[in-house]
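To find a chain, count down the sequence lines: A is the first, B the second, and so on, and within it residues start at 1.
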2 protein chains.
Amino acid sequence: MKERGKAIRTAALHLFAEEGYEGASLSKIAGRVGIRKSSLYNHCSSKEDLFLSLVEEVYSRYIQELKKIVSGSTGTAEKKLYSTFIATTDFITREGTGRFYMHFLLFPPSELEEKVRTRFLSFEEETNQLLLPVLKKGIADREIRDSDPSILLHAFYCMIDGMSSQMFYYPALEAAQKREHAWGIFWRGIRHGKEQ
Amino acid sequence: MKERGKAIRTAALHLFAEEGYEGASLSKIAGRVGIRKSSLYNHCSSKEDLFLSLVEEVYSRYIQELKKIVSGSTGTAEKKLYSTFIATTDFITREGTGRFYMHFLLFPPSELEEKVRTRFLSFEEETNQLLLPVLKKGIADREIRDSDPSILLHAFYCMIDGMSSQMFYYPALEAAQKREHAWGIFWRGIRHGKEQ
DNA sequence: GTCTATACCGAGATAGAC
DNA sequence: GTCTATCTCGGTATAGAC
C-alpha cells in the first residue's frame, strides 16, 4: 500500500500525461486517488507546484537511468549506443512517465514554458556529456566513421526522438520491430565503412 | 483583408497549436480576431466542430503538398526522398500548421482521440502509397540497397518524426543545419553500397 | 453578424469542523 | 488529513436587441 502523497503523484503523472496540463483537473486527480480535491492541498501548495515537481522527478529519473546504462557497460560504442536507444525508447513507452516526458518536452503549458524549457536544456547538457565520449571513443577505435561527433550525436537524438514519437501510435510488438529496423539503418549510416 | 471566417480559423489554428485544445479558450480566439466570443457561433457550431474541421484542413493540406512534391519531380529516389524530407520538416516548422499537426497527432484531446486517430490513419495510408513506389524504384535502380521497402519507409518516417520534433526546440538556423546532417546519415544508411 | 446579458458549469483555491 | 461549504473566476453555450 502506497502512501497517499505518492499515490497522488502517480495519479497526477498519468493524468497530466494523458490529458495535458489544462485537461488534467484537480478533481480528476483527486477522484482517481479516492479523495476530494480540497484534500490535495495537504500534499501540495498548488497545481503548478505539483506539476513542476513531477517535471523535475521525471527528468532526473531518466538521467539516472541513462547514467547507469552508459557508464555501467564497458562494451563497444555500438553496444552502448544501442543500449541507450533501447532504454530511452523503453522509458518513453512506460505509460505515464514516458508520455509525460514527451508531452511536456514538446508542448509545455504556456504559462510554465520557460521553467520547463530551462530544466530541459540543463538536462540535455547532461546527456551530451554522457554520450559524446562514447562517440569519440567509437571514432578513435575506427568503429564509427570519422566525422564531427556532435553531428553524429544529433543524428542519434533525431532517430531516438522519431522512434519515441512512434512508440505512441503503434502497438507494442510492431513498435519493437520497427525499432530494430530503425537502429539497423542508423548504425549503417554512422559506422566505419571501407567505401569512400 | 481576409474574411472573418478565415480569420477565425487562422487564429484558432495558432491558439490550438500553442496552447492545446483545452488551453485555447474561445475568448482567446475571439480576442485575437477582435470580436466577442458569442460571435464565434455565427461561424461554427461548437468548439469541437471548429477544432475537427481544422484537423481535416491541416491533414489534407499536407497530403496535397506531398503529392505535388512526389509526383511532380522526376528525379532520382534520393532527390525525391530528400525533397519530401525537406518539405515535411518545412511544413512542420510553419508556425501554426506544423505545430498543430504535431501537437494533435501525438496528443489529441482525449474526448476526440478516436476521431483524430482515425483521420490520421487514413492519412498515413495515403503517404505510404505515395512513397513506397519511390523506394521500390530506387531499389530496382540499385540506388537504394536491396531490403524490404516498408522497413526503409519506416526508417524514413522515423527520421522525419525525429527531425520534426527537433524543429520545435532549436532555432531555425541550427535546425536547418541539423536537418542536413541527419539526412546525410540516413541516406548513407539506406543507399546502395558496395560493401557487404 | 455582432453585440450585451445571462445561464450553467467546473475550474483552482481557502476556511473551518471533525 | 480529510471532509463540506464556499469563494471567485473563467469556461462553453444560448437568447434576443440592434
Side-chain angles (χ1 to χ4, degrees), chain A residues 1-57 100 103-104 107-116, chain B residues 1-57 100 103-104 107-116:
Chain A
M1 200 60 168
K2 267 184 298 193
E3 56 169 327
R4 186 90 342 146
K6 184 64 194 162
I8 290 171
R9 295 176 67 76
T10 305
L13 180 82
H14 282 78
L15 270 164
F16 280 135
E18 289 157 19
E19 322 238 352
Y21 181 73
E22 285 88 1
S25 72
L26 293 184
S27 348
K28 281 185 195 165
I29 295 172
R32 198 171 279 199
V33 180
I35 57 177
R36 308 267 114 177
K37 70 173 170 177
S38 60
S39 304
L40 291 176
Y41 290 90
N42 288 310
H43 302 272
C44 65
S45 62
S46 70
K47 190 184 184 182
E48 285 199 3
D49 167 64
L50 176 58
F51 175 76
L52 287 174
S53 83
L54 284 171
V55 168
E56 185 57 37
E57 184 185 321
F100 182 98
H103 198 137
F104 299 111
F107 308 104
S110 47
E111 326 92 80
L112 303 176
E113 178 161 9
E114 226 187 283
K115 284 181 187 172
V116 175
Chain B
M1 199 59 168
K2 268 184 297 193
E3 57 171 327
R4 189 80 357 136
K6 183 65 195 160
I8 290 171
R9 295 176 66 76
T10 305
L13 180 83
H14 282 78
L15 271 164
F16 281 134
E18 287 158 21
E19 322 238 350
Y21 181 73
E22 283 88 1
S25 71
L26 293 183
S27 350
K28 280 185 197 166
I29 295 172
R32 199 171 279 199
V33 179
I35 58 177
R36 307 269 112 177
K37 68 175 168 177
S38 60
S39 304
L40 291 177
Y41 289 90
N42 288 311
H43 298 91
C44 64
S45 62
S46 70
K47 189 183 184 183
E48 284 199 3
D49 168 65
L50 177 58
F51 175 77
L52 287 174
S53 83
L54 285 170
V55 168
E56 185 55 38
E57 184 184 320
F100 183 98
H103 197 136
F104 300 111
F107 307 104
S110 46
E111 325 93 80
L112 304 176
E113 178 161 11
E114 226 187 282
K115 284 180 187 174
V116 175

Considering every strand and a 4.0 Å limit on heavy-atom distances, what is the contact class for B:Ser46: base, sugar-phosphate, or nothing?
sugar-phosphate
Measure OH/B:Tyr41 against P/C:dT6 and give the value in whole Å, please.
19 Å
Looking at the rings of A:Phe100 and A:Phe51, which for Trp means the six-membered one, are their centres under 6.0 Å apart?
yes
Could you tell me whether the side chain of A:Lys47 reaches within less than 4.5 Å of the side chain of A:Ile29, counting heavy atoms only?
no
Rounding to an integer number of Å, can you tell me how far A:Lys47 NZ sits from C:dT14 C1'?
18 Å
Once you round it to whole Å, what is the distance between C1' of C:dG10 and NZ of A:Lys37?
7 Å
Please state how far atom CG in A:Leu112 lies from atom P in C:dG12, giving the value in whole angstrom units.
13 Å
To the nearest angstrom, how far is A:Glu111 atom CD from D:dG10 atom P?
13 Å
Looking just at side-chain N and O atoms, do B:Thr10 and B:Arg32 make a donor-acceptor pair shorter than 3.5 Å?
no
Mind calculating the distance between CG (B:Leu40) and P (D:dA13) to the nearest angstrom?
10 Å
Among residues 14-36 of chain B, which residues get a heavy atom nearer than 4.0 Å to DNA chain C?
B:Ile35, B:Arg36
Short side-chain N/O contact from B:Ser39 to OP1 or OP2 of C:dC3, under 4.0 Å:
yes
Taking it one step at a time, do B:Glu19 and A:Tyr21 satisfy side chain to side chain contact (heavy atoms under 4.5 Å, CB included)?
CA-CA 10 Å; B:Glu19 322 238 350; A:Tyr21 181 73; over 6 Å; no
Is the closest basic N to carboxylate O distance between A:Lys6 and A:Glu57 below 4.0 Å?
yes
For the NZ atom of A:Lys115 and the CD atom of A:Glu48, what is their distance to the nearest 0.5 Å?
6.0 Å
